[in-house]
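Read the structure below first, then the notes.
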Amino acid sequence: MANNEESRGLKSLLDWFANRRKSGSISVERQEREIADGLWNKCPKCGVLTYAKDLRANQMVCTECGHHNRVDSDERIRQLIDANTWKPIDENLRPADPLQFRDRKPYSDRLRETQEKLGLIDAVKTGLGEINNLPIALGVMDFRFMGGSMGSVVGEKLTRLIEQATQRRYPVVIICTSGGARMQEGMLSLMQMAKISAALQRHQDARLLYIPVLTNPTTGGVTASFAMLGDIILAEPKAMIGFAGRRVIEQTLREKLPDDFQTAEDLLKHGFVDDIVPRTQLKNTLAQLISLHQPAPTTPHMVLWETRSLSSTAVE
């Protein structure tokens with residue numbers, strides 16, 4: 001009799017622990033739902049929970065460890081461009097499917113699904129605006145759209161942006177983030193590397209400023225072309241920057257690569273980028289660089305000095 005009571009007591013105790021375990025899992029699920037609802041953000045680097053509004057106010061940079069969360073093109077424009085000065089250009093330029101490419105699904109279907117999901121037409125937004133009252137031509141790539149891959153529309157929009165900047169004598173800034181050329185467009189995507197580079201050469205010939213900002217990740221054909229052609233090349237902390245992937249390089253060389261290989265810090269150490277700028281300082285840094293490269297104003301005092309110099313030379 002006593003044994004039966006003990007067994008029943010043990011069983012009820014086990015049931016109690018089981019119920020506790022279930023209730024604990026429910027609370028974890030409830031926590032995850034609350035995080036997913038956008039009230040809180042969990043840092044993927046240090047695990048700290050940050051109130052979403054506070055994180056956005058800090059430009060999506062973790063206040064605890066400084067981790068730079070990925071941001072979309074609209075958020076980038078909001079962070080960099082002065083209010084009410086943004087004027088988008090070539091908004092309605094749409095990608096086509098000239099090769100009728102198909103992998104697991106037709107490229108045309110993949111484009112349509114991505115466009116409907118994100119509300120974007122392609123992987124870059126371009127426009128004119130002001131940074132601290134200084135005019136600028138800005139291109140912002142968006143990694144959400146097929147990994148920020150560079151197709152014909154990306155190449156055409158960036159080329160037109162650079163050409164318009166050259167005509168207006170504006171500096172160009174491109175926020176780079178990409179997995180490389182868009183394989184679904186084949187050779188047409190690779191042609192964009194040369195097209196953008198040619199436009200940048202004409203911009204340079206006009207003695208105008210170009211600053212690429214390399215963010216996480218910047219790889220493939222984008223790195224092999226316009227991302228590395230800047231007069232001043234900036235990068236965000238810990239950004240992955242490279243051409244081929246780490247695994248491909250290790251298999252090719254049959255060597256183990258350093259842990260910091262293809263990071264912004266490693267590229268800075270080897271002279272491939274000029275500076276690493278935290279996102280919270282990027283707008284002011286760009287404004288300072290642009291103002292330093294503006295043509296010197298011609299004041300009446302300077303004109304008078306030049307006139308006297310010319311007169312004295314003529315007398316001599």
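All heavy atoms count here, side chains included; hydrogens, waters and symmetry mates do not.
- Among residues two or more places apart in sequence or in another chain, the salt bridge (charged side-chain N to carboxylate O under 4.0 Å, His left out) test is passed with K105 by E113.
- Partners of K269 by side chain to side chain contact (heavy atoms under 4.5 Å, CB included), not counting sequence neighbours, listed by chain and number: D260, D266.
- A donor-acceptor distance shorter than 3.5 angstrom exists from the side chain of N58 to the backbone of V61, with no hydrogens or angles considered.
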Acceptor/donor pairs from residues 47-56 side chains to any protein atom, 3.5 angstrom cut, sequence neighbours excluded:
{"residue": "R56", "atom": "NE", "partner": "E75", "partner atom": "OE1", "Å": "3.3"}
{"residue": "R56", "atom": "NH2", "partner": "E75", "partner atom": "OE1", "Å": "3.2"}

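- The side chain to side chain contact (heavy atoms under 4.5 Å, CB included) test applied to T159 returns E163, K195, I196, A199, not counting sequence neighbours.
- Each of P237, C62, C46 was checked for a side chain to side chain contact (heavy atoms under 4.5 Å, CB included) with H67, and the lone residue meeting it is C62.
- Taking the side-chain hydrogen bond (donor to acceptor under 3.5 Å, both in side chains) definition, one finds that D231 meets it with nothing, sequence neighbours left out.
- K238 places no side-chain N or O within donor-acceptor distance of the main-chain N or O of H68, the cut-off being under 3.5 Å.
- Under the 3.5 Å distance criterion, the side-chain polar atoms of Y210 are matched with a main-chain donor or acceptor of F226.
- Checked by atom type and distance alone, the side chain of E185 never pairs as donor or acceptor with a backbone atom of D97 at under 3.5 Å.
- For the side-chain hydrogen bond (donor to acceptor under 3.5 Å, both in side chains) test, no residue two or more places apart in sequence or in another chain qualifies with E64.
- Side-chain atoms of R160 do not come within 3.5 Å of backbone N or O of I89 as any donor-acceptor pair.
- With sequence neighbours excluded, the residues that form a side chain to side chain contact (heavy atoms under 4.5 Å, CB included) with R94 are Q115, I121.
- Among residue pairs with one or both ends in residues 117-133, those qualifying as salt bridge (Lys or Arg N to Asp or Glu O under 4.0 Å) are D74-K125, D122-R182; sequence neighbours excluded.
- Every residue meeting the side-chain hydrogen bond (donor to acceptor under 3.5 Å, both in side chains) condition with D82, not counting sequence neighbours, appears here in chain and number order: K283.
- In terms of the side chain to side chain contact (heavy atoms under 4.5 Å, CB included) criterion, residue partners of R112 (sequence neighbours excluded) are, by chain and number, D109, E116.
- Put simply, the side chain of L214 does not reach to within 4.5 Å of the side chain of I175, judged on heavy atoms.
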For residues 240-256, which side-chain N or O atoms pair as donor and acceptor with protein atoms under 3.5 Å away, sequence neighbours left out?
{"residue": "R246", "atom": "NH1", "partner": "P258", "partner atom": "O", "Å": "3.1"}
{"residue": "R246", "atom": "NH2", "partner": "L257", "partner atom": "O", "Å": "2.9"}
{"residue": "R246", "atom": "NH2", "partner": "P258", "partner atom": "O", "Å": "2.8"}
{"residue": "E250", "atom": "OE2", "partner": "L257", "partner atom": "N", "Å": "3.2"}
{"residue": "T252", "atom": "OG1", "partner": "V248", "partner atom": "O", "Å": "2.8"}

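- Within the cation-pi definition used here (under 6.0 Å to the ring centroid, within 45° of the axis), R102 does not qualify as a partner of Y107.
- Residues satisfying the side-chain hydrogen bond (donor to acceptor under 3.5 Å, both in side chains) test with S73, not counting sequence neighbours, are D142.
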